[in-house]
Amino acid sequence: MADLLSYDFSMNRLQNRLKTFKDWPFTEETGSSCTARKMAEAGFFRSSTDRDADITRCFVCFKELEGWEPEDSPMEEHKSHSPKCEFLLLNKKEEDWTVEDFLELETKRQINRMQKIIELKVKEYRELAQHVQSEMEKLV
């Protein structure tokens, strides 16, 4: 959850997303469709951990995907897993965005971010409530 609270606003820029793919294993030289550039162009930035090296997240809809294969098309994977993503629906390259496009994407991103935070807080609350209930049942 901390990463959602401290989410880096700069991921709205293609070049900043591209920088997160340092040491990405899939390159044009190896004939891969899943290159760092294509990942970033599809709205993804790398949010990997030491445990999972290929976790990516869309900067707008926050959809996380992992298990990337060299032949995967980042844009098609994004479309199939998050067809209502506002970034995909905009269907424009970053250099063609208007100020209005940018502000709309940022508004949608903030709404999605808050929804994710709320979902996580509800989950935490339910887990705590379940734990408290089981502890109370032990007292009876």
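- For Gln110, the side chain to side chain contact (heavy atoms under 4.5 Å, CB included) partners are Glu106, Arg113, not counting sequence neighbours.
- Residues that satisfy the side chain to side chain contact (heavy atoms under 4.5 Å, CB included) test with Gln15, not counting sequence neighbours, are Leu18, Arg37.
- Listed by chain and residue number, Glu135 satisfy the salt bridge (charged side-chain N to carboxylate O under 4.0 Å, His left out) test with Lys138 (two or more places apart in sequence, or in another chain).
- A search for side chain to side chain contact (heavy atoms under 4.5 Å, CB included) contacts involving Glu94 returns Arg13, Leu14, Arg17, Trp97, not counting sequence neighbours.
- Residues forming a salt bridge (charged side-chain N to carboxylate O under 4.0 Å, His left out) with Glu76 (at least two apart in sequence, or on another chain): Lys79.
- Partners of Glu100 by side-chain hydrogen bond (donor to acceptor under 3.5 Å, both in side chains), not counting sequence neighbours: none found.
- Clustering of Ile, Leu, Val, Met, Phe, Trp and Tyr side chains at separations under 4.5 Å leaves Ile111 isolated, with no partner residue.
- Residues satisfying the salt bridge (charged side-chain N to carboxylate O under 4.0 Å, His left out) test with Lys92, not counting sequence neighbours, are Asp101.
- Remark: Glu127 pairs with no residue by the side-chain hydrogen bond (donor to acceptor under 3.5 Å, both in side chains) rule, at least two apart or across chains.
- Contacts of Ser80 classified as side chain to side chain contact (heavy atoms under 4.5 Å, CB included), with partners at least two apart in sequence or in another chain: Glu77.
- Arg46 contributes a side-chain N or O that, together with a main-chain N or O of Lys22, makes up a donor-acceptor pair within less than 3.5 Å.
- Under a 4.5 Å side-chain heavy-atom cut-off, the cluster of Ile, Leu, Val, Met, Phe, Trp and Tyr residues that includes Phe44 is completed by Phe21, Trp24, Phe26, Met39, Leu65, Trp68.
- Residues that satisfy the salt bridge (charged side-chain N to carboxylate O under 4.0 Å, His left out) test with Glu95, not counting sequence neighbours, are absent from this structure.
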